[in-house]
Amino acid sequence: MAYLLDPIAFALGPITVRWYGIILGSAALVGLWLAVMEGKRFKISPDFFMDLLLIGVPSAIIGARIYYVAFKWDAYKNNLLEIFQIWHGGIAIYGALIGAIIAGYIYFRRKGYNFWRIVDICAPSLIAGQMIGRWGNFVNQEAHGGPVTEEFLRNSLHLPNWIVDQMYIQGQYYHPTFLYESIWNLVGLLLLFWLRRRPFLRAGELFFAYFIWYSVGRFFIEGLRTDSLAFDAPGWLASLVNALWSPMTLVFEAGSMDYGNVRISQLLAVLIIIAATVLIVLRRKKGWSAEKYSDPIVSTKIPAKPAAEGEIT
């Protein structure tokens, strides 16, 4: 008999605590821990990252909601109150990143830190948070791909019963796209750990590497999903996106779309990959990335310590 996970972890009187919230909270704490550990290497106070988390999480939620509502405006324009009822669902990870980056930029400037140096430290935290956070979708049985057979999940993917059972939704098994993305992000996390110890890495490039890696995976995995935000694009653009995704058709079928012919996340992923690659090359050629990742990080708002008597400066 299939055993489904209850999305509600426990209840305290009228208050229900959902696994989704616990998982996202755990993801944020793991991301904080990773940033604090790397920050110590550069003599940055843990309080700096704790304050960043308090600012970044609400900003990410707001950004995620605005992004989703903007692309689903027809569903909200006649009921504006629904925009604020985020517990009904409807957030987007790219919107969360936009919100967090804007808030982070303002916070870093106020603290006197170079933007690129701090986002480099935070890059592993971001991908680790996404890796863990996708399991919230698993518990909620959402953000899955198109229909598959039970045999595919058990015999082709060799998934354990507790994952297979949770992928049985309203009489049909579905692609565990949450798992695909979580594994992709795990590999990406290990890659970022390796890259940040390489002597050739310049300031900002670990952040760009994160975006490139995540966007490559998101592009291909998004094509399997059935709940993508989409729009009606010119035929040439739809054909281009489909051509880029076509290697996946050797193994998988694309997920259905309720509307539109281009998935927004796929198009954005392609644009991010191009932009990040161009910026890496341009910043090196123009000398905008002279600092290396391993160079000391100094805040312009924190006065330097006076030299000790007899010390040569």
Side-chain angles (χ1 to χ4, degrees), residues 23-24 27 31 60-61 63-68 70-72 89-101 119 122-138 140 142-146 174-192 195 206-231 233 237-238 240-249 251-258 260-280:
I23 291 170
L24 291 187
I61 294 173
R65 186 59 168 174
I66 291 174
Y67 182 100
Y68 184 86
F71 288 108
K72 295 276 287 185
I91 58 175
I93 187 63
Y94 278 126
L97 290 171
I98 293 170
I101 289 170
V119 292
C122 294
S125 299
L126 291 172
I127 202 166
Q130 290 167 293
M131 174 189 72
I132 297 169
R134 277 304 178 193
W135 288 86
N137 299 134
F138 166 69
N140 284 353
E142 62 188 6
H144 54 72
Y174 290 93
H175 269 296
T177 48
F178 85 92
L179 180 62
Y180 304 157
E181 189 168 321
S182 187
I183 293 173
W184 180 262
N185 289 340
L186 172 60
V187 177
L189 177 62
L190 298 177
L191 175 64
L192 294 184
L195 275 175
L206 195 72
F207 185 61
F208 290 134
Y210 151 71
F211 263 111
I212 291 171
W213 181 268
Y214 176 75
S215 295
V216 169
R218 183 61 186 266
F219 175 83
F220 289 107
I221 295 169
E222 185 71 19
L224 299 172
R225 289 176 55 170
T226 59
D227 61 345
S228 300
L229 294 172
F231 71 104
L237 181 57
L240 175 61
V241 173
N242 290 336
L244 292 174
W245 198 82
S246 61
M248 292 285 283
T249 60
V251 181
F252 302 118
E253 290 185 11
S256 61
M257 288 190 286
D258 293 334
N261 60 357
V262 170
R263 303 169 197 268
I264 294 169
S265 287
Q266 284 190 308
L267 178 59
L268 188 56
V270 172
L271 295 177
I272 287 173
I273 293 166
I274 294 172
T277 304
V278 169
L279 282 171
I280 289 174

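Starting from 1, each residue takes its place in the sequence as its number.
The distance from atom CG of Leu267 to atom CD1 of Ile264, rounded to the nearest 0.5 Å, is 8.5 Å. Interatomic distance, Leu268 CG to Ile273 CD1, rounded to the nearest 0.5 Å: 10.0 Å. Taking CE from Met248 and CD1 from Ile221, the interatomic distance works out to 7.5 Å, rounded to the nearest 0.5 Å. Rounded to the nearest 0.5 angstrom, Ile127 CD1 and Trp184 CH2 are separated by 9.0 Å. Distance check: Leu271 CG to Phe219 CZ gives 11.0 Å after rounding to the nearest 0.5 Å.
Between Ala230 and Met257, the shortest heavy-atom contact is CB-SD, 3.9 Å. Contact detail for Ala209 and Leu195: the closest heavy-atom pair is CB-CD1, 3.9 Å. Between Asp227 and His144, the shortest heavy-atom distance links the atoms OD1-O, 4.5 Å. The nearest pair of heavy atoms linking Glu222 to Ser265 is CD-CB, 3.7 Å.
Remark: side-chain polar atoms of Ser182 are not paired, donor with acceptor, to backbone N or O of Leu179 under 3.5 angstrom. Judged by distance alone, with hydrogens and angles left aside, the side-chain atoms of Thr177 form a donor-acceptor pair with the main-chain N or O of Ala143 at under 3.5 Å.
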Practice item. Go through the steps to decide whether Ile66 and Ile98 satisfy the test side-chain contact (heavy atoms from CB on, under 4.5 Å), and finish with yes or no. Key: CA-CA 10 Å; Ile66 291 174; Ile98 293 170; over 6 Å; no

Review point. Can Arg134 and Glu181 be said to form a salt bridge (Lys or Arg N to Asp or Glu O under 4.0 Å), step by step?
Key: CA-CA 7 Å; Arg134 277 304 178 193; Glu181 189 168 321; 3.0 Å; yes

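With contacts defined as side-chain heavy-atom distances shorter than 4.5 Å, the pair Trp213/Leu192 does not qualify. Val270 is not listed as a side-chain neighbour of Leu240, based on a closest heavy-atom distance of 4.5 Å or more. With a 4.5 Å cut-off on side-chain heavy atoms, Leu279 and Phe211 do not count as touching. With a 4.5 Å cut-off on side-chain heavy atoms, Ile93 and Arg218 count as touching. Side-chain contact between Leu97 and Leu126: present, with at least one pair of heavy atoms (C-beta onward) separated by less than 4.5 Å.
Between Tyr210 and Tyr214, the ring planes are parallel. Angles under 30° get that label, and only those over 60° would be called perpendicular.
When the shell of 6.0 Å around CD of Glu253 is examined, it contains 12 or fewer heavy atoms from other residues, nucleotides or ligands.
Between the side chains of Ser215 and Tyr94, a donor-acceptor pair is found at a separation under 3.5 Å.
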